[in-house]
K.L.:
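The structure under discussion is supplied below as structure tokens; questions concerning it will follow.
One-based numbering, in listed order, for ligands and for the atoms of each.
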Amino acid sequence: MCGIIGYVGTEAAVPLLLAGLQRLEYRGYDSAGIAVLENGKMAVFRRAGKVEELAREIGRETIDACVGIGHTRWATHGAPTEENAHPHLDCNGKIAVVHNGIIENFRALKERLAAAGHVFRSQTDTETLAHLIEEHNRGDILAAVRLAVSEAEGAYALAVLSEDDPERIIVARKGSPLVLGKGKTGSFVCSDIPAILGNASDVLFLAEGEVAEVRSTGFRVFSRDGEEREPKIRPVTIDPFSIQKGGYKHFMAKEIHEQPRAVGETIRERIHPDGVGFPELGFLGDQSTEAGFARVYLVACGTAYHAAMTAEYQWETLLGLPVQAVIASEFRHRDIPVDPRTLVIAVSQSGETIDTLVATRRAKAGGAKVVALVNTVNSALERESDAAVYTRAGIEVGVAATKTFTAQLAALSLLGLCLARAWGKILPQDMAERIAPFELLPARIATVLGLEKQVVQLAEKFYTASDFLFLARGSLYPIALEGALKLKEISYIHAEGYPAGEMKHGPIALIDERMPVVVLATKRSAYNKTLSNIEEVRARNGIVIAITDHPDDEAILRLSNHIIPIPDSEEIVIPVLYTIPLQLLAYHVAVLRGTDVDQPRNLAKTVTVE
Ligand code: AGP
């Protein structure tokens, strides 16, 4: 993971670098550092911990520098200590490198370089690059970087600053993202646009294998072989408000409350009076199940996997062919049948998750058609897929996914309807009725958000619990898993999601008078069976928190300790509605426990290591 920033221009570099790093912390926050040229001399500042620690340290110094690079880290090779924090230097301390990715052959390179006399000071793979560039440096740092990366195996996005070449930053990428930006006072390099939002008006996405020099006045871009390329510069269109908290205490709270809009935007461009449109997937409509696709896999990780699982439940009914959600990190290691009659939907907020990318490559190698469902435009996953469908949730800053999840749920439900229609499983005259619930969905999400006070009361009652169980059946089971994941991620409470019917096969042993059990009980599916499961919990003195669209039912009123009512809605949209109280519960429990809600311990938003 990790976030990279660089600036060369006429303004003071340090505040720009620190502000950029803070906005990149969603990529990792184990340690941070910057290297700047101060009066022509390399000055490096590094700290274990978050960027604010680094800023506090630097705050004591006045640094006169207009060029520099910076890094925020999620540790892979080497503990999150100051000595392993980036930037890393060559032997003479004149070349500084920040890097996102993993150099897979770093041990062999390190041995060779150490034998040639290079002295290493950290356990990182990145330091190898600093020495490798030094080894190749014959006075042209651009040429040295090009030669060094030609020897590096694995993934990298790197920025290199040289004391002997103070007017430019050299950058290169393969497998990890890198964006160049142009602003009024100079040029930037960063892992992701939010880092330079408000400061850069135009950007360029560096392509796979490219190397570039970044000067105050602009960029020059080169292919792997050194051939110069015309830079493809485009204006920045993202609203800077999207990366501000907008009056909320945390990004997560803001993003939870943005869901009516995030889901609304995702739906809006898809539905029209008598159908659902995914014009970017025109090629899928031609493949009837008989002559075309024989099976569908949805691959994803974490929260995105829960969206994929929900789609599995919905699509197997809609499409009438085998549909399976598979955890991306497992997909490559299993002998799952993949051939040209396989359709793979890769679901990812970032489009950068390496496990999902690797699964996609395995599927493509087997001849499958791959569609990426992503929230980030121009991601690696999009580039490696046959087509991309966007969720329109906007930038999500909180590490815990919220609005991107419900946008994925809505997009996948609509995509399922679209495929079912294209493959003749739904009649044209039935489409309007199928689509109607989606038109009402943003308003219904807003209604559920209006229940926040009730959820706060629950959080106040249960925030000291050491365990939680989440139970549900059918397409709400993945939502139970997501409720448990959210709580674990940000409150550090142990939580498990189970199919309600499975509880009696083991987890019931956990239930006693201290165990809060959140049950998602919809009258739309297996309601009476879920009621029986609630009875089983109560018989063992467990505490039942029922979330239900049947809140006036005598049985659930009698059996539950607490009830959160959900508006009654058609089955295809209820996963979205049941998600909202679970997000709010996790959020308020975490706030009461005083955890770092937006940047929970050990996590990074985008996981680019296997
Ligand atoms: C969500 O709260 C998590 N932080 C995590 O599970 C995430 O969903 C997962 O890493 C997948 O990320 P992606 O959607 O960017 O591929």
Side-chain angles (χ1 to χ4, degrees), residues 1 3 25-29 74 176-177 191-192 194 250-253 255-256 259 262 266 298-311 325-331 344-360 370-385 388-391 393-409 411-412 478-479 481-493 495 497 579 582-587 590 595-610:
M1 261 93 56
E25 274 191 313
Y26 75 87
R27 305 177 68 86
Y29 33 81
W74 188 82
S176 303
S191 300
D192 196 4
H250 298 101
F251 280 108
M252 184 177 175
E255 288 155 4
I256 288 174
Q259 290 178 107
T266 301
L298 297 120
V299 297
C301 305
T303 289
Y305 170 68
H306 298 149
M309 252 182 108
T310 312
V326 187
I327 290 181
S329 55
E330 292 294 308
F331 190 82
V344 170
I345 313 289
V347 186
S348 172
Q349 176 278 131
S350 62
E352 268 190 67
T353 304
I354 194 72
D355 289 325
T356 310
L357 278 164
V358 169
T360 298
V370 178
V371 173
L373 183 81
V374 280
N375 195 54
T376 308
V377 178
N378 201 30
S379 66
L381 189 59
E382 175 177 347
R383 283 193 297 277
E384 295 196 26
S385 302
V389 168
Y390 299 122
T391 45
I395 292 178
E396 189 175 69
V397 179
V399 164
T402 52
K403 61 176 180 173
T404 53
F405 176 63
T406 45
Q408 284 164 353
L409 291 175
L412 285 166
I479 306 307
L481 292 177
E482 176 60 9
L485 178 65
K486 283 291 87 95
L487 193 68
K488 278 185 273 204
E489 280 189 299
I490 60 169
S491 74
Y492 318 144
I493 293 177
T579 299
L582 303 186
Q583 294 171 340
L584 288 170
L585 181 65
Y587 173 73
T595 61
D596 192 342
V597 171
D598 284 333
Q599 295 175 341
R601 70 184 181 202
N602 304 337
L603 297 183
K605 188 156 186 70
T606 308
V607 185
T608 55
V609 290
E610 280 184 79

K.L.:
Go through E384 and L357 one step at a time and tell me if the side chain to side chain contact (heavy atoms under 4.5 Å, CB included) criterion holds.
P.N.:
CA-CA 8 Å; E384 295 196 26; L357 278 164; 4.0 Å; yes
K.L.:
Is there a donor in the side chain of Y390 and an acceptor in the side chain of E382, or the other way round, less than 3.5 Å apart?
P.N.:
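Yes.
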K.L.:
Determine whether a donor-acceptor pair (N or O, by modelled atom type, separation under 3.5 Å) exists between the side chain of T595 and the backbone of I490.
P.N.:
yes
K.L.:
So, T406 versus Q259: side-chain donor-acceptor pair below 3.5 Å or not?
P.N.:
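Short answer, yes.
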K.L.:
Please step through side chain to side chain contact (heavy atoms under 4.5 Å, CB included) for the pair V607 and D355, ending with a clear verdict.
P.N.:
CA-CA 8 Å; V607 185; D355 289 325; 5.5 Å; no
K.L.:
Who are the residue neighbours of ligand 1 when the rule is a heavy atom under 4.0 Å from any of its atoms?
P.N.:
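Shell around ligand 1 (4.0 Å, heavy atoms): C301, G302, T303, A304, S348, Q349, S350, T353, V399, A400, A401, K486, E489.
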K.L.:
If we ignore hydrogens and angles and just use 3.5 Å, is the side chain of K486 paired with the main-chain N or O of A401 as donor and acceptor?
P.N.:
yes
